[in-house]
Amino acid sequence: FWIPAKRVVGRKSARSKPSRHSKPNPLEKGAVQAAPFFWGKLFTDARFVVAQHSANKHESVMNIFTSFILFLFLCNLSNAEDWPSWRGADRSGISKETGLLQEWPSGGPPKVWSSSDTGMGYSGFSVVKGGLYTMGAFGKEEQLLAFNALTGKKVWSLVVGDLLTNGWGDGPRMTPTVADGKVYALGGRGNLVCADARTGKKIWNISLVSDLGGKVPGWGYTESVLVDEGRVICTPGGSQGALAALDADSGKLLWQSSAFTDDAQYSSPIVIENRGKRQYVQLVMKNLVGIDAKSGDLAWKSAWTGRTAVIPTPIHDDGKVFITSGYGVGCKLVSLDSSGSQDVYDNKFMKNHHGGVIKLGDHLFGYSDQVGWVCMDFASGELLWNEKKALGKGAIAYADNRFYCQGESDGRIFLIEANTEGWLPRGQFTLNPQSKKRNPKGKVWTHPVISNGMMYLRDQELLSCYDLKR
């Protein structure tokens with residue numbers, strides 16, 4: 001578990017001798033360096049952090065006290081978890097954290113920090129080993145960004161590619177993926193980079209367009225690439241193969257799905273085990289597909305009637321895959337068997353545009369266009385309840401028996417009880433401040449993320465962190 005701890009360059013003392021785990025990392029040229037703070041060596045490294053503060057004669061006693069408080073905070077993360085990818089490690093949208101507030105005080109949970117240094121765009125967050133990773137647009141380029149998740153201090157940035165311009169707001173839309181000490185990020189124009197998660201040094205990059213034969217979708221590339229068993233799975237789309245697997249260490253092309261050549265849409269792939277075989281599931285405009293993980297061969301396909309844009313991530317459980325789209329399309333459940341795939345139901349109870357759907361137990365939760373916030377039965381497709389008045393359209397997150405529902409138009413965040421009886425609020429607040437730079441057509445579209453007892457929210461260049469711990 002590392003956090004950037006300040007060390008004054010060039011100042012030496014017996015008390016400031018670094019831990020054997022420490023590998024200096026430039027944060028600001030000629031000013032400070034980052035010292036790793038590993039979970040397995042809390043006591044040793046906590047003393048090291050305090051020693052670093054003590055080495056600077058101008059550091060106040062309050063700063064040393066703050067280091068102890070930070071140490072105690074880390075000791076209290078036994079029921080916390082990192083969030084290494086879009087919708088979490090398994091892409092289910094479910095956080096397994098416990099010990100979080102079950103009701104919010106008036107005004108919502110306390111804000112820990114905020115930053116206005118995130119750049120423009122709708123990119124989401126990954127949180128791993130004390131680092132928060134996202135993307136933002138600065139001028140005519142898009143950047144991959146790393147922040148200290150506990151303080152909001154920017155640690156490093158890396159140029160990913162040219163700026164995606166769009167009538168609903170410029171800049172990147174995807175969430176970086178962190179795996180095995182590396183972070184992977186896809187720019188809106190299709191440049192995919194791999195960087196060292198700690199230093200930000202670029203390891204490799206590849207273009208989904210010029211290298212893999214893809215075509216930039218109308219709203220840009222928005223998928224959050226999947227990293228699985230040493231493979232980076234991405235969706236360039238096009239005649240060379242809609243889905244591609246790259247070596248996670250080198251970026252070398254392993255395969256492209258020659259039998260699946262649809263154009264790319266905006267959904268992110270998931271990995272499943274289907275009758276003992278590992279497969280990648282992706283949703284595009286006209287098809288839901290399963291691709292063999294090792295060969296890239298088409299394992300199965302189910303027709304879909306997407307319209308305008310297909311965005312939500314598929315949900316898999318017990319041999320069944322649920323998909324949904326907005327623009328009046330609806331949802332369906334597909335059962336996978338030895339003959340391929342069979343539709344179980346197809347209805348319009350869930351017409352999710354891009355705020356996401358979460359399967360909790362045997363039920364699905366999310367916002368449905370014209371229907372409102374919805375709870376429906378996963379197996380049968382039956383609608384159990386809906387709520388249209390309390391909060392408008394938006395995104396959903398889950399942790400510790402509570403859903404976090406974010407309204408895209410006004411930035412209100414509701415904490416509601418996870419149940420099949422109805423909408424039961426347990427607190428609310430309004431995101432503040434909100435961006436004054438947002439495109440007039442844009443809204444608060446970045447999904448909330450809960451990780452290590454904190455909730456992270458974004459409105460364009462503004463990133464906010466809230467303490468959810470009891």
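Side-chain atoms are counted along with the backbone in the values below, which use heavy atoms only and exclude waters and symmetry mates.
Looking at Ser123, its side chain does come within 3.5 Å of a backbone N or O of Met174 through a donor-acceptor pair. Under the 3.5 Å distance criterion, the side-chain polar atoms of Asn191 are matched with a main-chain donor or acceptor of Val160. Trp113 places a side-chain N or O within donor-acceptor distance of the main-chain N or O of Ala149, the cut-off being under 3.5 Å. Using modelled atom types, one side-chain atom of Glu142 and one backbone atom of Leu164 make a donor-acceptor pair closer than 3.5 Å. The main-chain N or O of Gly188 is never found under 3.5 Å from a side-chain atom of Trp219 such that the two would form a donor-acceptor pair. Using modelled atom types, one side-chain atom of Thr324 and one backbone atom of Met350 make a donor-acceptor pair closer than 3.5 Å. Listed for the Gln143 side chain is no donor-acceptor partner under 3.5 Å among the backbone atoms of Phe138. Side-chain atoms of Ser451 come within 3.5 Å of backbone atoms of Glu81 as a donor-acceptor pair (strictly under, hydrogens ignored). Within the 3.5 Å criterion, the main-chain N or O of Ser92 finds no donor-acceptor partner in the side chain of Tyr398. Between the Glu103 side chain and the Leu101 main chain, no donor and acceptor come within less than 3.5 Å of each other.
Leu288 has its side chain within reach of Val281: a pair of non-hydrogen atoms, C-beta onward, lies under 4.5 Å apart. Considering only heavy atoms from C-beta on, Leu163 stays 4.5 Å or farther from Glu141 through its side chain. A heavy-atom distance below 4.5 Å is not found between the side chains of Val127 and Met454. Using a 4.5 Å cut-off on side-chain heavy atoms (C-beta onward), Arg87 and Ser224 make no contact. Cys234 has its side chain within reach of Leu246: a pair of non-hydrogen atoms, C-beta onward, lies under 4.5 Å apart. In this structure, the side chains of Val271 and Tyr280 come closer than 4.5 Å at one or more pairs of heavy atoms. With contacts defined as side-chain heavy-atom distances shorter than 4.5 Å, the pair Ser267/Gln282 qualifies. Contact annotation: the side chain of Arg458 approaches that of Phe125 to within less than 4.5 Å [non-hydrogen atoms, C-beta and beyond].
Considering only residues two or more places apart in sequence or on other chains, Ser464 meets the side chain to side chain donor-acceptor pair (under 3.5 Å) condition with none of them. The side chain to side chain donor-acceptor pair (under 3.5 Å) test applied to Lys443 returns no partner, not counting sequence neighbours. Asp249 pairs by the side chain to side chain donor-acceptor pair (under 3.5 Å) definition with Lys182, not counting sequence neighbours. The ring-ring contact (aromatic ring centres under 6.0 Å, His included) test applied to Tyr367 returns Trp373, not counting sequence neighbours. Partners of Trp83 according to the ring-ring contact (aromatic ring centres under 6.0 Å, His included) rule, which considers only residues two or more places apart in sequence or in another chain, do not exist here. Applying the side chain to side chain donor-acceptor pair (under 3.5 Å) rule to Asp362 yields no partners; only residues at least two apart in sequence or on another chain are considered. Scanning for ring-ring contact (aromatic ring centres under 6.0 Å, His included) contacts around Trp300 gives an empty result, with sequence neighbours left out. The side chain to side chain contact (heavy atoms under 4.5 Å, CB included) test applied to Val209 returns Ser207, Val216, Tyr221, not counting sequence neighbours. Every side chain to side chain contact (heavy atoms under 4.5 Å, CB included) that His316 has, sequence neighbours left out, goes to Ile270, Ile272, Val321. With sequence neighbours left out, the ring-ring contact (aromatic ring centres under 6.0 Å, His included) criterion links Tyr404 to Trp104.
The line from CG of Asp196 to CH2 of Trp156 is 8.0 Å long, rounded to the nearest 0.5 Å. Taken from CD in Gln265 to CG in Asn287, the straight-line distance is 11.5 Å, to the nearest 0.5 Å. Going from atom CG of Leu468 over to atom CD of Glu97 covers 8.0 Å, rounded to the nearest 0.5 Å. Atom CD of Gln102 and atom CG of Leu415 lie 7.5 Å apart (nearest 0.5 Å). Here the CD1 atom belonging to Ile206 is positioned 11.0 Å from the CG atom belonging to Leu186, to the nearest 0.5 angstrom. Note that the CG atom of Asp459 and the OH atom of Tyr122 stand 8.5 Å from one another [nearest 0.5 Å].
Residues Met135 and Ala185 come closest through the heavy atom pair SD-CB, 3.8 Å. Residues Leu457 and Pro448 come closest through the heavy atom pair CD2-CB, 3.6 Å. In terms of heavy-atom proximity, Asp467 sits nearest to Gly453 at OD1-O, 3.6 Å. Counting all heavy atoms, side chain and backbone alike, Leu462 lies closest to Pro433 at CD1-O, 3.8 Å. Of all heavy-atom pairs spanning Ile413 and Gln406, the tightest one is CD1-CG, 3.5 Å. Between Leu360 and Ala418, the shortest heavy-atom contact is CD2-CB, 3.7 Å.
Taking 4.0 Å as the cut-off between side-chain N and carboxylate O, Lys277 and Asp292 do not count as a salt-bridged pair. For the pair Arg470 and Asp400, the salt-bridge criterion is met [side-chain N within less than 4.0 Å of a carboxylate O]. Between Asp162 and Arg189 there is no salt bridge, since none of the side-chain N atoms of the basic residue sits less than 4.0 Å from a carboxylate O of the acidic one. Ion pairing of Asp82 with Lys129 is absent here, as no side-chain N (NZ or NE/NH1/NH2) approaches a carboxylate O to less than 4.0 Å.
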*Met285 and Asp263: side-chain contact (heavy atoms from CB on, under 4.5 Å), yes or no, with the steps?*
CA-CA 8 Å; Met285 184 68 78; Asp263 289 339; over 6 Å; no
*side-chain contact (heavy atoms from CB on, under 4.5 Å) between Val374 and Leu364, worked out*: CA-CA 8 Å; Val374 162; Leu364 297 162; over 6 Å; no
_Walk me through whether Ser115 and Asp117 qualify under side chain to side chain donor-acceptor pair (under 3.5 Å)._
CA-CA 5 Å; Ser115 171; Asp117 200 18; 5.4 Å; no
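Residue pairs meeting the salt bridge (Lys or Arg N to Asp or Glu O under 4.0 Å) criterion with at least one partner in residues 401-417, sequence neighbours excluded, are Asp410-Arg412, Glu417-Arg426. Within the structure, no pair that satisfies the salt bridge (Lys or Arg N to Asp or Glu O under 4.0 Å) test touches residues 200-210, not counting sequence neighbours.
Trp445 and His354 have perpendicular rings, their planes meeting at more than 60° on a 0 to 90° scale where under 30° would count as parallel. A perpendicular orientation is assigned to the rings of His353 and Tyr327, their planes being inclined by more than 60° (bins at 30° and 60°).
Paired with Phe365 under the rule ring-ring contact (aromatic ring centres under 6.0 Å, His included), one option of Trp423, Phe378, Phe403 passes, and it is Phe403.
If you look at Phe429 and Tyr466, their ring centroids are closer than 6.0 Å.
Remark: the Tyr266 side chain and the Arg173 side chain contain no N/O donor-acceptor pair separated by less than 3.5 Å.
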